[in-house]
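Each chain gets a letter, A, B and so on, in the order its sequence line appears, and its residues count up from 1.
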There are 2 protein chains.
Amino acid sequence: MRQDAQQLFGLRVKQLRLSKDISQEELGALSNLDRTYISGIERGKRNVSLKNILQIASALGVPALELFNIPEFKG
Amino acid sequence: MRQDAQQLFGLRVKQLRLSKDISQEELGALSNLDRTYISGIERGKRNVSLKNILQIASALGVPALELFNIPEFKG
DNA sequence: ATGTGACTCGCAGTCCGTT
DNA sequence: AAACGGACTGCGAGTCACA
């Protein structure tokens with residue numbers, strides 16, 4: 001596995017968050033996760049678990065699948 | 001978040017694994033994960049992390065996105 | 001409004017086995 | 001081949017003060 005996979009995922013979260021025009025704090029509130037935790041995810045410092053992936057997707061109002069809609073993830 | 005989300009994910013893994021005609025043991029070997037852990041995932045008992053999600057997708061030869069290609073995840 | 005290091009604690013993930 | 005259990009270690013979850 002590539003080391004930067006987490007970063008790509010984090011960038012995708014950031015991308016979707018910005019497209020919704022909300023702050024990390026707001027996303028944190030919507031997904032019941034700490035704002036600093038969201039920050040860590042977007043910077044690729046966190047190896048997020050399935051549970052939190054689904055919560056974030058839900059908070060962003062997109063299917064979980066969208067968080068993996070990244071060219072580099074498709075082989 | 002729904003409680004059964006993990007189970008849906010596990011069923012999807014199982015579905016893809018069976019379509020490849022490989023055993024849990026083989027998938028474990030391919031993804032560098034313990035066979036009992038794969039079993040737990042498929043039964044919805046495990047909260048898999050991003051890193052392992054990507055490893056499993058890679059072992060199955062599908063983009064990570066495919067693991068989330070579940071009707072119930074899109075609503 | 002965000003980045004970051006450090007921290008505790010529960011669970012992710014492994015390894016032994018039985019059914 | 002797979003479900004399931006017990007015991008273990010290390011890592012992720014979740015939070016804080018501060019920049």
Rounded distance (Å) that lies between atom P of C/dA12 and atom CD of B/Gln55: 16 Å
SB check A/Glu26 A/Arg17 (cutoff 4.0 Å): no
Below 4.0 Å: OP1/OP2 of C/dT4 and any side-chain N or O of A/Arg43: yes
Gap between atoms CG and P, on B/Asn52 and D/dA13 respectively (whole Å): 12 Å
Distance test, side-chain N/O of A/Arg17 to OP1/OP2 of C/dT2, below 4.0 Å: yes
Separation of atom OH in A/Tyr37 from atom P in C/dA1, rounded to whole Å: 22 Å
Sugar-phosphate only, base, or nothing, as touched by B/Glu25 at under 4.0 Å among non-hydrogen atoms: sugar-phosphate
Selected nucleotide, minimal atom distance to B/Leu33 side chain, candidates C/dG13, D/dA2, D/dT15: C/dG13
Ring geometry between B/Phe9 and B/Phe68 (parallel below 30°, tilted from 30 to 60°, perpendicular above 60°): tilted
Integer-rounded Å distance: D/dG14 C1' and A/Arg46 CZ: 7 Å
Sugar-phosphate, base or nothing in reach of A/Asn32, heavy atoms under 4.0 Å: nothing
Whole-Å gap separating C1' (C/dT4) and CD1 (A/Ile41): 15 Å
Rounded distance in Å - NZ (B/Lys45) to P (D/dC4): 7 Å
hbond_proxy A/Ser49 side chain to C/dC11 base (donor-acceptor, 3.5 Å cutoff): no
Pairwise distance CD1(B/Ile56) to CG(B/Leu60) - rounded to 0.5 angstrom: 7.5 Å
Rounded distance in Å - CG (A/Leu54) to C1' (D/dA13): 16 Å
Phosphate OP1/OP2 of C/dA12 contacted by B/Asn47 side-chain N/O (<4.0 Å): yes
Sugar-phosphate only, base, or nothing, as touched by B/Ser23 at under 4.0 Å among non-hydrogen atoms: sugar-phosphate
Heavy-atom check, side chain of A/Leu8 versus side chain of A/Phe73, under 4.5 Å: yes
Nucleotide of C/dA6, D/dC16, C/dT14 approaching B/Asp34 most closely (side-chain heavy atoms): C/dT14
Any donor-acceptor pair under 3.5 Å from B/Asn47 side chain to A/Lys51 backbone: yes
Sugar-phosphate only, base, or nothing, as touched by A/Ile38 at under 4.0 Å among non-hydrogen atoms: nothing
Under 4.0 angstrom between A/Ser39 side-chain N/O and C/dG3 OP1 or OP2: yes
Any donor-acceptor N/O pair under 3.5 Å between C/dG13 base and B/Arg35 side chain: no
Rounded distance in Å - CD (B/Glu26) to C1' (D/dA1): 10 Å
